[in-house]
Trainee: 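Dropping the structure in here first, questions after.
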Amino acid sequence: MAEDKLTKRADDFSEWYNQLVLKADLADYAPVRGCMVVKPYGWALWENITAVLDKEFKATGHVNAAFPTLIPMSFFEKEKEHVEGFAPELAVVTHGGGQELEEPLVVRPTSETIIGYMYSKWVKSWRDLPILIVQWGSVLRWELRTKLFLRTAEFYWHEGHTAHAGMQEAKEEMYRILDIYERFCLEEAAIPAIKGTKSDTEKFAGAQITTSIEAMMWDKRALQSGTSHYFGQNFAKAFEIQYLDNNNTLQFCETTSWAISSRIIGALIMVHSDDQGLVLPPRLAPIQAVIVPIFKTPEEKIKVMEVAERIFKELKAAGIRIKMDDRDNVSSGFKFNDWEMRGVPVRIEVGPKDVEKESVALARRDRPGREGKSFVPQADLNLTVSGLLVEIQDSLLKRATEYRDANIHHPKDYEELKKVVQDGWAFSYWCESRECETKVKEDCKATTRNIPFDQPDEEGLCIVCGKPSKRKVYFARAY
RNA sequence: CGGGGCGUGGCGCAGUCCGGCUAGCGCGCUUGCUUUGGGAGCAAGAGGUCGGAGGUUCGAAUCCUCUCGCCCCGACCA
């Protein structure tokens with residue numbers, strides 16, 4: 001059997017990523033350019049992600065609904081910035097039932113327009129507000145350059161669309177959601193993403209304020225991992241979403257929209273995984289622990305399987321997502337590598353020696369090789385494994401946080417900024433002018449990621465032009 | 001859209017320059033036996049009109065023309 005090893009992460013990060021997605025069995029290339037097939041294992045991961053978020057949204061008063069995939073072309077033309085932003089990447093349906101359509105239909109790249117249209121029908125009174133709807137589904141953008149999970153033509157996401165009676169309330173909604181996103185990344189994905197406001201050039205097409213969470217990947221590039229937008233009355237005016245307030249005055253709504261997409265799976269890969277393959281945070285892993293029984297003779301098999309089955313039931317009853325690998329056509333060594341490739345946090349080996357000693361071998365995925373292997377008693381194994389899962393979760397977050405902080409630089413001048421953003425992020429004062437932002441982008445391909453909410457007390461001078469600056473911004477090369 | 005690479009069994013490739021027996025190899029797959037504590041071994045099998053169309057030729061995976069598609073690197077983007 002060939003070893004079929006993964007390209008080393010340090011040798012070719014991009015190639016490592018592509019191979020990993022395929023070898024970990026998360027996704028496959030589809031016959032249509034730029035599209036992917038999410039395989040059962042990848043979808044199970046996505047389902048764990050969606051389950052957590054769905055629960056959070058419902059707990060904060062949101063409800064789910066479904067809007068159509070096809071949107072009349074004319075809807076896009078109602079909001080000027082929105083159409084300019086999305087026109088280049090629209091897929092358009094021109095024929096149906098063998099006939100050319102009177103009006104072309106756009107395959108939704110995002111649903112503000114059709115939802116705005118529907119909201120205008122539904123909202124008449126201040127009593128109809130707020131509307132807090134989330135749609136789970138996929139959208140399509142004709143991307144020029146694609147990469148599995150990170151940027152595919154069709155991708156999966158939720159898009160929240162809310163309409164409110166007042167500016168304050170709408171802005172609060174935007175921030176509330178961003179908090180949910182931040183907490184999700186931190187507590188579930190073990191990714192320490194940074195909350196902040198996008199610059200004008202990096203804003204969503206049609207938004208007044210765009211906020212984002214930005215995460216650092218292993219190659220130190222930034223990935224926008226979630227966004228939450230405040231539209232003011234832009235879309236309300238474009239789609240005439242109006243209501244009578246309690247003074248009988250006609251008012252426009254304030255709307256928001258927000259999303260996390262399946263690209264978050266790309267983030268999980270690029271933040272945590274290693275040369276052995278995928279590393280998943282236990283809280284999101286489809287399989288949290290796998291049992292690999294080891295035996296030679298039929299007699300040994302009976303004894304080993306008895307213990308393995310007992311452990312399986314015990315851990316399952318304890319709520320651990322557990323898998324028994326009873327394949328008899330591959331060797332134990334193959335299984336070890338296979339489950340490491342798939343990122344299962346804990347592996348439990350049960351062999352004849354363990355049966356004798358009433359022990360098992362535990363291997364933790366976040367520390368590959370001998371270092372992460374230990375021998376523990378079979379008694380109270382559910383507690384041992386649960387504890388270990390928590391420890392792994394914490395350790396992944398700690399490692400990612402230390403890595404991020406070690407690679408955020410505070411350059412003293414512009415020359416140093418140009419240098420540090422080639423292999424890290426720069427956190428610097430910026431005058432918030434478009435000129436300075438563009439200059440950085442042209443000089444070193446780094447863009448402003450966001451202006452974090454967390455700011456130092458004192459003011460400073462723009463790292464580019466030297467003019468007074470109130471706030472610091474993250475500059476980084478981004479995906 | 002610019003630059004680069006590639007289309008040959010399921011996957012990865014060789015063969016193409018310089019046309020010639022029945023198109024090879026590795027992995028995977030199937031069956032059997034031996035194996036199983038870090039990617040097992042042996043044996044026997046199944047599986048390909050060489051991306052597509054046209055042309056040159058006695059003869060094309062190979063030469064010519066056209067075409068389709070994919071991947072990677074840039075600009076754009078979640």
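Since the structure is predicted, the reported quantities are computational estimates derived from the model, not experimental observations. A, B, ... follow the sequence lines: proteins, then strands. Residue 1 opens every chain.
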Trainee: Whole Å only: how far is the CG atom of A/D12 from the P atom of B/C71?
Mentor: 16 Å
Trainee: Quick check on B/C72: is either OP1 or OP2 less than 4.0 Å from any side-chain nitrogen or oxygen of A/N18?
Mentor: yes
Trainee: At less than 4.0 Å, is any side-chain N or O atom of A/R145 found next to OP1 or OP2 of B/C73? Yes or no.
Mentor: yes
Trainee: Hey, is the side chain of A/S14 poking within less than 4.0 Å of OP1 or OP2 on B/C72, counting only N and O atoms?
Mentor: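 Negative; the distance criterion is not met.
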Trainee: Using 30° and 60° as the class boundaries, would you call the ring planes of A/W218 and A/Y403 parallel, tilted or perpendicular?
Mentor: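 Aromatic pair A/W218/A/Y403 classed parallel.
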Trainee: So A/A259, base contact, sugar-phosphate only, or nothing? Heavy-atom distance under 4.0 Å.
Mentor: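 Answer is nothing: A/A259 stays at 4.0 Å or more from every strand.
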Trainee: Whole angstrom is fine here: how far is it from NZ in A/K23 over to P in B/G28?
Mentor: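 Taking NZ of A/K23 and P of B/G28, I get 12 Å after rounding.
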Trainee: Angle class for the A/F239/A/F235 ring planes (parallel below 30°, perpendicular above 60°, tilted otherwise)?
Mentor: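 Rings of A/F239 and A/F235: parallel, as their planes differ by under 30°.
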Trainee: Looking for any heavy atom pair under 4.0 Å, which part of the strands does A/T297 touch: base, sugar-phosphate only, or nothing?
Mentor: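 Counting heavy atoms under 4.0 Å across all strands, no contact is made by A/T297.
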Trainee: Could you tell me whether the side chain of A/Q288 and the main chain of A/R321 form a donor-acceptor pair under 3.5 Å?
Mentor: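 Yes: the side chain of A/Q288 pairs with the backbone of A/R321.
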Trainee: Base, sugar-phosphate or nothing for A/T227? Non-hydrogen atoms, less than 4.0 Å.
Mentor: nothing
Trainee: Is the shortest side-chain N/O distance from A/S331 to OP1 or OP2 of B/U36 below 4.0 Å?
Mentor: no
Trainee: Taking atom types as they are modelled, would you say the side chain of A/D338 forms a donor-acceptor pair with the base of B/G39 within the 3.5 Å cutoff?
Mentor: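 Donor-acceptor pair under 3.5 Å: no.
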Trainee: Please name all residues satisfying ring pair (Phe, Tyr, Trp, His ring centres under 6.0 Å) with A/W339, sequence neighbours left out, ordered by chain then number.
Mentor: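 Per chain and number, A/W339 pairs via ring pair (Phe, Tyr, Trp, His ring centres under 6.0 Å) with no residue.
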Trainee: Could you give the distance separating B/C21 and B/G59 at their P atoms, to the nearest angstrom?
Mentor: 15 Å
Trainee: Considering heavy-atom distances to RNA chain B, does A/K441 or A/I294 have its closest nucleotide positioned more toward the 5' end?
Mentor: A/I294
Trainee: Which residue lies toward the 5' end of RNA chain B, A/E15 or A/G226, if each is placed at its nearest nucleotide?
Mentor: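 Final value for this comparison: A/E15.
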Trainee: Is A/F204 touching bases, backbone alone, or none of the nucleic acid, heavy atoms closer than 4.0 Å?
Mentor: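 Contact class for A/F204: none.
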Trainee: Would A/E437 and A/T201 satisfy side-chain hydrogen bond (donor to acceptor under 3.5 Å, both in side chains), going step by step from the backbone distance to the final call?
Mentor: CA-CA 9 Å; A/E437 191 179 17; A/T201 53; 2.8 Å; yes
Trainee: Between B/G47 and B/C27, how many Å separate the two C1' atoms, rounded to a whole number?
Mentor: 14 Å
Trainee: Rounded off to whole Å, could you give me the OH-to-P distance for the A/Y29 and B/C11 pair?
Mentor: 14 Å
Trainee: Between atom NZ in A/K147 and atom P in B/C70, what is the gap in whole Å?
Mentor: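 Answer to the nearest Å: 17 Å.
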Trainee: Determine whether a donor-acceptor pair (one donor, one acceptor, N or O, separation below 3.5 Å) exists between the side chain of A/K373 and the base of B/G38.
Mentor: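 Answer is yes: a donor-acceptor pair is held.
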Trainee: Under 4.0 Å: is that the gap between some side-chain N or O of A/K445 and OP1 or OP2 of B/C73?
Mentor: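 No, outside the criterion.
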Trainee: Heavy atoms only, 4.0 Å cut-off, all strands: where does A/I260 land among base, sugar-phosphate and nothing?
Mentor: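 Since no nucleic acid heavy atom lies under 4.0 Å of A/I260, the category is nothing.
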Trainee: Please measure how far the C1' atom in B/G32 lies from the corresponding atom in B/U16, and state the result in whole Å.
Mentor: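 These two C1' atoms come out 40 Å apart once rounded.
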Trainee: Evaluate the ring planes of A/F231 and A/F204, with Trp represented by its six-membered ring, and classify them as parallel (under 30°), tilted (30 to 60°) or perpendicular (over 60°).
Mentor: tilted
Trainee: Remember a base hit wins even if backbone is also touched, and classify A/K198 as base, sugar-phosphate or nothing at under 4.0 Å, heavy atoms.
Mentor: nothing
Trainee: For A/F334 and B/G38, give me the distance from atom CZ to atom P, rounded to whole Å.
Mentor: 15 Å
Trainee: Within the 4.0 Å heavy-atom criterion, would you say A/K335 contacts the bases, only the backbone, or no part of the nucleic acid?
Mentor: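 Contact class for A/K335: none.
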Trainee: Quick one: label A/P88 by what it contacts on the DNA or RNA (base, sugar-phosphate, nothing), any heavy atom closer than 4.0 Å.
Mentor: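 Nothing, no heavy atom under 4.0 Å.
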Trainee: What integer number of Å spans the P atoms of B/A40 and B/C1?
Mentor: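 It comes out at 48 Å once rounded to the nearest Å.
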Trainee: Using the six-membered ring wherever Trp is involved, compare the ring planes of A/F57 and A/Y181 and label them parallel, tilted or perpendicular (cut-offs 30° and 60°).
Mentor: perpendicular
Trainee: Taking atom C1' in both B/U67 and B/G28, compute the distance separating them and give it to the nearest angstrom.
Mentor: 33 Å
Trainee: Can you tell me, in whole Å, how much space there is between the P of B/G7 and that of B/C17?
Mentor: 14 Å
Trainee: NA contact type, A/E340, heavy-atom cut-off 4.0 Å: base, sugar-phosphate, or nothing?
Mentor: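 If one applies the 4.0 Å heavy-atom cut-off, A/E340 turns out to touch a base.
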Trainee: Can a donor-acceptor pair be found between the side chains of A/D12 and A/T7 at a distance below 3.5 Å?
Mentor: no
Trainee: Under 4.0 Å between any heavy atoms, over every strand shown, what does A/R347 touch: base, sugar-phosphate, or nothing? Just pick one.
Mentor: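 Counting heavy atoms under 4.0 Å across all strands, the contact made by A/R347 includes a base.
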Trainee: Choose from B/G37, B/A75, B/C76 the nucleotide whose nearest atom is closest to any side-chain atom of A/E143.
Mentor: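 Within the option list, the nearest is B/C76.
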Trainee: How many Å lie between CG on A/L144 and C1' on B/C73, as a whole number?
Mentor: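 Rounding to the nearest Å, CG of A/L144 and C1' of B/C73 are 14 Å apart.
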Trainee: Whether A/E306 and A/K303 form a salt bridge (side-chain N of Lys/Arg under 4.0 Å from carboxylate O of Asp/Glu) is what I want to check.
Mentor: no
Trainee: Whole angstrom is fine here: how far is it from CG in A/L22 over to P in B/C71?
Mentor: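 From A/L22 CG to B/C71 P: 11 Å.
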Trainee: Quote, to the nearest angstrom, the P distance that separates B/G10 from B/U49.
Mentor: 9 Å
Trainee: Given Watson-Crick or G-U pairs with both distances under 3.5 Å, what dot-bracket string fits RNA chain B, with | for other-strand pairs and [ ] for crossing?
Mentor: ((((((((.[[[[.)....(...]]]].((((((.....)))))).....[[[[[..)....]]]]])))))))....
Trainee: Rounding to a whole Å, what distance do you find between A/R477:CZ and B/C76:C1'?
Mentor: 15 Å
Trainee: Do we get A/R108 above A/F67's six-membered ring, with its NZ or CZ under 6.0 Å from the centre and within 45° of the axis?
Mentor: no
Trainee: What interatomic distance, in whole Å, is found between C1' of B/G9 and the corresponding atom of B/G15?
Mentor: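 Going atom to atom, C1' in each nucleotide, I get 16 Å.
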